[in-house]
Amino acid sequence: MTALTPDFGDPSRLTESLSALSRGMHLSGILRTANQVRELRAGGAEVLDFSIGDFGPKYFRIPEKLLRGVERALESGATNYPPPPGLPALRQAVTGYVERCSGVRYPAEAVLITSGGRPVLYAAYRTVIEPGDTVLYSVPSWNNDSYAWLSGANAVEIEARSENGFQPTLGELEPHLRAARLLCLCSPGNPTGTAMAPEMFEAILQAIVRENRRREKEGNERPLFLLYDQMYSSIRVKDNKHRYALALVPEAAPYVLTMDGASKAFSATGLRIGWLLAPPAIVKKVGELVSHMGAWAPHAEQAGLTELLNDPDAIARYREAMDAAVHERLDALHRGFVAMRNDGLPVDVLCPDGAIYVSLQLDLRGARIGERVLENNEMIRSLVLEQAGVALVPFQAFGLMRETGWFRLSVGAVSLEEIAEALGRIRKLLEQVTDRASSDR
Ligand SMILES: Cc1ncc(COP(=O)(O)O)c(C=O)c1O
């Protein structure tokens, strides 16, 4: 019998018939690079891929304890629905883990387990925001533009400055706090790899508390909340600047929703386990929304993670090895670009504080390489990919639309040898630059 092949009709007519919400969504600019990398590789090119915000399992494995725990849980039948807010034992284990990391003891009801960090972010936006409410965040940042769109928010974007590691300052945020319903911060940041200075973060938290005191006194305004994305907080490279919000300003407790998870802490992006730390009343409502989405974390993975989080020694051993592997990669990349800058090549680079990213500026606007005059980041990205075979992501993919020449490089899926090779290729390309018009930034 021949199988039936369905005829789905005209795809663009179907797309046009869908909701305005779905038509207004845009896919991440990172995917464009990923597609091109695939095509180039299919054509035989040797591409060094620094565009993936993920871990290559060749270099970064999940902890053995987590792996065995998941296997055991699957074998023992943890294949049905987990309780929607997460396994009680895991919620409890997260409180212990958080206490060891930060000195803050949350109750288990202040923890919600979800399938990775994304459902926390989406559901937190949807739980806090009424359409038209103002959300304040800086660019470049990860995915706030999409969540603001999906929740009908009025997005106020602040362009963060390279001299502040592309993290926002209180001075930049403060004028907008009065009108804001939600402030979103992320540290260590994606795409920047930089962390907020603890003193600055503390000052911002104090401003949030002050603003809420004002609202309470005046009586008719809903609070200003902070959504704090600390997905990269566990990776410790160099002097760890990361702070938990409540460790700095405990009075901010009613207003802070913290997102974290196993994805980046344990190179476990495919396992899909994230968590929210927030006042129990908020956890309950976010949890209801997440449960309608069915976005709870897989049962066996939750059981495996519980075992790991309850074993500080296993975590410490894993941290030592993973942090060293991330650090040596970030450091090699950073040092390589500093050397190019010192040699007068048109690059700038930020010293990474954490995460798996290095921010690189290729100051090439107006430059000529061969026949090509480079007018924008997209042209620079294509040139570096096609001629050096190195894939980078421009900051436009993170909402910084101005042509600043900044790019994200991720070290999660590359070896030290590949980093050395990429540095050599980029140097060679930059040495071919001629006729550099002075840039206007
Ligand atoms: C800053 C940041 N927050 C949250 C997430 C989401 O993590 P998950 O993969 O657990 O959904 C990512 C993923 O790349 C991220 O970079």
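Atom set for the values below is all heavy atoms of this structure, side chains included, hydrogens, waters and symmetry mates excluded. Order of appearance sets the numbers: ligands from 1, and atoms from 1 within every ligand.
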Are Arg222 and Arg181 packed together at the side-chain level, in the sense that at least one heavy-atom pair is separated by less than 4.5 angstrom? yes
Output yes when Arg317 and Asp313 qualify as a salt bridge under the 4.0 Å nitrogen-oxygen rule, no when they do not. no
Counting only non-hydrogen atoms and a 4.0 Å cut-off, the residues near ligand 1 are Gly116, Gly117, Arg118, Trp142, Cys186, Asn190, Asp229, Met231, Tyr232, Met259, Ser263, Lys264, Arg272
Lys/Arg-Asp/Glu bridge criterion (N-O < 4.0 Å) met for Glu403, Arg365: no
Output yes when Arg91 and Glu109 qualify as a salt bridge under the 4.0 Å nitrogen-oxygen rule, no when they do not. no
Quick one: do Glu71 and Arg68 make a salt bridge, cutoff under 4.0 Å? yes
Looking at Tyr59, I'd like to know if the NZ or CZ of Arg329 sits under 6.0 Å from its six-membered ring centre while staying within 45 degrees of the ring's axis. yes
